[in-house]
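Within every chain, numbering begins at 1; the chains are lettered A, B, ... in the order of the sequence lines, protein sequences first and strands thereafter.
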Protein chains: 2
Amino acid sequence: MKGPKRSLDVSKIVDAVMELLDEEPSAAPTLRGVAARLGVRPNTLYTYVPDRVALEGVVVEHLLELAGPAALTGGAPWRERVTGYAMRLRAELLARPGVVPFFFSGPMSGPNAAAVGEGLLTAFTEGGLRPDDAARAAYTVIVHVLGSAALAAADPPGPGASEAEVLAVLEARRAALAAGPPLTAATAATAAAWNSSEQAEWGINRLIDGCIGSLP
Amino acid sequence: MKGPKRSLDVSKIVDAVMELLDEEPSAAPTLRGVAARLGVRPNTLYTYVPDRVALEGVVVEHLLELAGPAALTGGAPWRERVTGYAMRLRAELLARPGVVPFFFSGPMSGPNAAAVGEGLLTAFTEGGLRPDDAARAAYTVIVHVLGSAALAAADPPGPGASEAEVLAVLEARRAALAAGPPLTAATAATAAAWNSSEQAEWGINRLIDGCIGSLP
DNA sequence: GTGCACAATGTACACCGTACAAAGAAGGAG
DNA sequence: CTCCTTCTTTGTACGGTGTACATTGTGCAC
């Protein structure tokens, strides 16, 4: 170690990103914004991270851990462990819609991603799935959680909305669907809540049902 | 109609976007790029479209139609109609990774989105699902297709890669997984192909299985 | 033929990620 | 202790993005 002391480290940068997201959950954090919050010039961040995509990668890793992947291998029944982690991760993302695009800007290859994968494999194996099916099921769960969160994040209103505002948007959507084609109209009330946690959990449960339904 | 003739219309703009995507499938089309291709100043587009998000919306509509939603209500068995449309849409997206983020920049509310929804409802109803479950299943299918496409689009190599290059990336990934934790290592060959069409179709099939498995 | 409504432009702004050279701090070698 | 090397941080800059605003000029209605 020759040069001057570093004034930052990657975890401080991640913290700054999370603070930015706490203040404006729907805004995608930017390199310049993070640097400003750390009291530093934008290009200083390049000492710690090769580019923007890499920054997003470490934030993704942090969020994967925030959802508690350790509980995937713990004591609860395997099925609850899977849905539990899925819904916790989904909740973390919905609370910070601005971060969702980060999950789609590069492959997830960090240690926490590996831990999540192994945890899901553990649970599904415990559920009786053959190894290859467990791998496919694990990946499909991730697809569902991220897809569901991304679509929900794209929909108004954002996480700062009041209860009344949420209800208003929901009712407007239901009315629009009710004016649509017959089957759409008949299910307008259910479909209007497409991005609710209940629907997301329903989807994961049907997926799991389909996986264990094909057991010997 | 008072003023001068319009030199464009929305469909010409969409065509320009599609041409841009044909030339560079992995690059997200930009307002300025579209304008340049049409031989027009960037702000001219604001005559036809209120902002960038709206432009992305009409492109999304075009792609939903490109995948052939009409076939959702046609003669094939209901289950094949669902997986067929899902895989066609997925293929259209994977051929143009640059367009994938468009699906997550706002709610899908156009006529083709409605047609896709109604078509999926028709199929699932035909499959025996109760209306509300059909609505949930339809939405979950969309979540899966878009999530799967988005994750696949985020992974190298892009759609222009040679067969050999694809295999090299796949093998590198398999090797990395094989060095991971036990269950991950045991399923490395399967997991390395996480973004393959086969895995995506497997996921949809398990989802459908789970939906019809709970029938009376 | 004249006036008015509208499309397209010119120009501008704020923001983004990032490259590159210069400045400055701190440890190792003499 | 001094110098030199190394590494962090900065200053400055470039090309890109979406979009606002005033201006120009076209073509129909009167």
Side-chain angles (χ1 to χ4, degrees), chain A residues 1-17 19-21 23-60 97-106 154 156, chain B residues 1-17 19-21 23-60 97-106 154 156:
Chain A
M1 279 295 271
K2 273 278 197 89
K5 292 289 178 201
R6 296 189 162 192
S7 62
L8 305 170
D9 57 67
V10 176
S11 85
K12 279 212 192 79
I13 295 179
V14 172
D15 289 348
V17 172
E19 288 172 27
L20 249 35
L21 285 166
E23 294 173 5
E24 268 194 275
S26 295
T30 92
L31 242 160
R32 296 179 104 103
V34 176
R37 164 160 285 263
L38 291 166
V40 127
R41 302 294 170 232
N43 35 6
T44 299
L45 299 183
Y46 284 88
T47 299
Y48 304 91
V49 142
D51 59 7
R52 182 175 189 258
V53 173
L55 205 195
E56 299 183 355
V58 303
V59 174
V60 164
V99 86
V100 170
F102 290 13
F103 283 78
F104 299 111
S105 62
Chain B
M1 278 296 273
K2 275 277 198 88
K5 294 286 178 201
R6 296 192 162 192
S7 63
L8 306 169
D9 58 65
V10 177
S11 85
K12 279 213 193 76
I13 296 178
V14 171
D15 289 347
V17 172
E19 288 172 28
L20 247 37
L21 285 166
E23 294 173 6
E24 268 194 275
S26 294
T30 158
L31 239 158
R32 298 179 104 103
V34 176
R37 164 160 283 262
L38 292 167
V40 125
R41 302 296 169 221
N43 34 7
T44 299
L45 299 183
Y46 284 88
T47 298
Y48 304 91
V49 143
D51 58 7
R52 181 174 189 257
V53 173
L55 205 196
E56 298 182 357
V58 302
V59 174
V60 164
V99 86
V100 171
F102 290 12
F103 283 78
F104 299 111
S105 62

When rounded to whole Å, the CG to P distance for the pair A:Leu38 and D:dT10 reads 11 Å

For A:Ala54, the side chain to side chain contact (heavy atoms under 4.5 Å, CB included) test, sequence neighbours excluded, returns A:Val49, A:Pro50, A:Asp51

Taken in chain and number order and not counting sequence neighbours, the residues that satisfy side chain to side chain contact (heavy atoms under 4.5 Å, CB included) with B:Phe102 are B:Pro29, B:Arg52, B:Glu56, B:Val59, B:Val60, B:Val99

Applying side chain to side chain donor-acceptor pair (under 3.5 Å) to B:Thr47 and not counting sequence neighbours gives none

Scanning both residues in full, the closest heavy-atom pair of A:Leu31 with A:Pro42 reads CD2-O, 4.2 Å

Residue set satisfying ring-ring contact (aromatic ring centres under 6.0 Å, His included) with A:Phe103, at least two apart, ordered chain then number -> none

With sequence neighbours left out, the residues meeting side chain to side chain contact (heavy atoms under 4.5 Å, CB included) with A:Val58 are A:Val10, A:Val14, A:Leu55

Across all chains, not counting sequence neighbours, the side chain to side chain contact (heavy atoms under 4.5 Å, CB included) partners of A:Pro97 are A:Pro25, A:Ser26, A:Ala153, A:Pro159

Taken in chain and number order and not counting sequence neighbours, the residues that satisfy side chain to side chain donor-acceptor pair (under 3.5 Å) with B:Glu19 are B:Arg37

Atom pairs, protein N/O to nucleotides 2-9 of chain C N/O, distance under 3.5 Å:
{"from": "C:dA7", "atom 1": "OP1", "to": "B:Arg6", "atom 2": "NE", "distance (Å)": "2.8"}
{"from": "C:dA7", "atom 1": "OP1", "to": "B:Arg6", "atom 2": "NH2", "distance (Å)": "2.6"}
{"from": "C:dA8", "atom 1": "OP1", "to": "B:Ser7", "atom 2": "N", "distance (Å)": "2.4"}
{"from": "C:dA8", "atom 1": "OP1", "to": "B:Ser7", "atom 2": "OG", "distance (Å)": "2.4"}
{"from": "C:dA8", "atom 1": "OP1", "to": "B:Tyr48", "atom 2": "OH", "distance (Å)": "3.4"}
{"from": "C:dA8", "atom 1": "OP2", "to": "B:Tyr48", "atom 2": "OH", "distance (Å)": "2.6"}
{"from": "C:dT9", "atom 1": "OP2", "to": "B:Arg41", "atom 2": "N", "distance (Å)": "3.1"}
{"from": "C:dT9", "atom 1": "OP2", "to": "B:Thr44", "atom 2": "OG1", "distance (Å)": "2.6"}

Write out a two-atom table: protein N or O, nucleotide N or O from nucleotides 16-18 of chain D, distance below 3.5 Å.
{"from": "D:dT17", "atom 1": "OP1", "to": "B:Thr30", "atom 2": "OG1", "distance (Å)": "3.4"}
{"from": "D:dT17", "atom 1": "O3'", "to": "B:Thr30", "atom 2": "OG1", "distance (Å)": "3.2"}
{"from": "D:dG18", "atom 1": "OP1", "to": "B:Thr30", "atom 2": "OG1", "distance (Å)": "3.1"}
{"from": "D:dG18", "atom 1": "OP1", "to": "B:Leu31", "atom 2": "N", "distance (Å)": "2.8"}
{"from": "D:dG18", "atom 1": "OP1", "to": "B:Arg52", "atom 2": "NE", "distance (Å)": "3.2"}
{"from": "D:dG18", "atom 1": "OP2", "to": "B:Thr30", "atom 2": "OG1", "distance (Å)": "2.7"}
{"from": "D:dG18", "atom 1": "OP2", "to": "B:Leu31", "atom 2": "N", "distance (Å)": "3.2"}
{"from": "D:dG18", "atom 1": "OP2", "to": "B:Arg32", "atom 2": "N", "distance (Å)": "3.2"}
{"from": "D:dG18", "atom 1": "N7", "to": "B:Arg32", "atom 2": "NH1", "distance (Å)": "2.5"}
{"from": "D:dG18", "atom 1": "O6", "to": "B:Arg32", "atom 2": "NH1", "distance (Å)": "3.1"}

